[in-house]
Amino acid sequence: PAHYKLQRKKANQTHFKIKNTSFTTITTNVNFQTSLHKDKGDDGDGFGNLAVIEKGKYSGAETCFPQFGVGVDCRTCDVLFMDVHYWHSNLPMHKLTPDAERLSIVCYLRWRLWEYTRGKTRKQMKTHVAKIHNVSSSSSKTTRKREDR
């Protein structure tokens with residue numbers, strides 16, 4: 001609760017967040033094994049989490065914290081809340097059925113996003129998002145023109 005309170009307070013200071021949450025960012029991975037790491041880009045006062053949606057049957061893919069000798073087999077309907085500033089990774093996934101898939105969903109507050117956008121107005125946010133869409137659209141058109149040549 002203490003980590004949530006700190007992170008939610010920061011999330012409430014920016015319009016660049018996922019509505020009604022303490023998060024700015026979602027990362028998804030399919031059948032992905034992470035190497036041993038500590039998260040760096042998220043809020044140091046906050047918390048991390050992991051939810052999984054699975055299809056088919058598989059073994060492995062447990063999220064491990066080696067310094068504690070703990071591994072968590074997070075499956076559909078589970079949510080793992082953790083301090084991602086400790087070393088962690090996940091084990092290899094082994095498909096038991098050909099259709100096996102493991103979608104991992106991680107939500108967090110990206111620290112620099114919060115730092116650069118806190119206190120900005122909703123109007124400033126919309127203007128910024130419109131600029132990004134214009135740049136993205138222009139880039140896509142340029143790419144299509146090059147491909148047509």
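- Residues Ser22 and Tyr4 form a side-chain contact, since some pair of their non-hydrogen atoms from C-beta on lies under 4.5 Å apart.
- Annotation: Phe81 is not in aromatic contact with His3 [ring centroid separation under 6.0 Å not met].
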Intermediate values then yes/no, side-chain contact (heavy atoms from CB on, under 4.5 Å), Asn12 and Lys17:
CA-CA 8 Å; Asn12 287 340; Lys17 67 177 177 192; 3.1 Å; yes

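- Side-chain N or O atoms of Thr27 include none that pairs as donor or acceptor with a backbone N or O of Val106 at under 3.5 Å.
- Asn29 places no side-chain N or O within donor-acceptor distance of the main-chain N or O of Ser104, the cut-off being under 3.5 Å.
- Cluster membership check: Met82 shares its hydrophobic cluster with Tyr86, using side-chain heavy-atom separations under 4.5 Å among Ile, Leu, Val, Met, Phe, Trp and Tyr.
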Could you walk me through whether Leu109 and Phe23 pass the side-chain contact (heavy atoms from CB on, under 4.5 Å) test, one step at a time? CA-CA 5 Å; Leu109 186 133; Phe23 307 117; 5.5 Å; no

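- Without hydrogens or angle criteria, His88 side chain to His37 main chain gives a donor-acceptor distance under 3.5 Å.
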Practice task
Go through Glu54 and Glu101 one step at a time and tell me if the side-chain contact (heavy atoms from CB on, under 4.5 Å) criterion holds.
Solution key: CA-CA 6 Å; Glu54 59 189 339; Glu101 288 187 343; over 6 Å; no

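- Counting heavy atoms of neighbouring residues, nucleotides and ligands inside a 6.0 Å radius, atom NZ of Lys95 exceeds 12 of them.
- A donor-acceptor pair under 3.5 Å is formed between the side chain of Asn31 and the backbone N or O of Arg102.
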> Is there a side-chain contact (heavy atoms from CB on, under 4.5 Å) between Thr24 and Phe16 once you walk through the steps?
Replying inline: CA-CA 6 Å; Thr24 61; Phe16 289 82; 5.6 Å; no

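- Relative to the ring axis of Tyr58, Arg75 places its NZ or CZ within 45° and under 6.0 Å from the centre.
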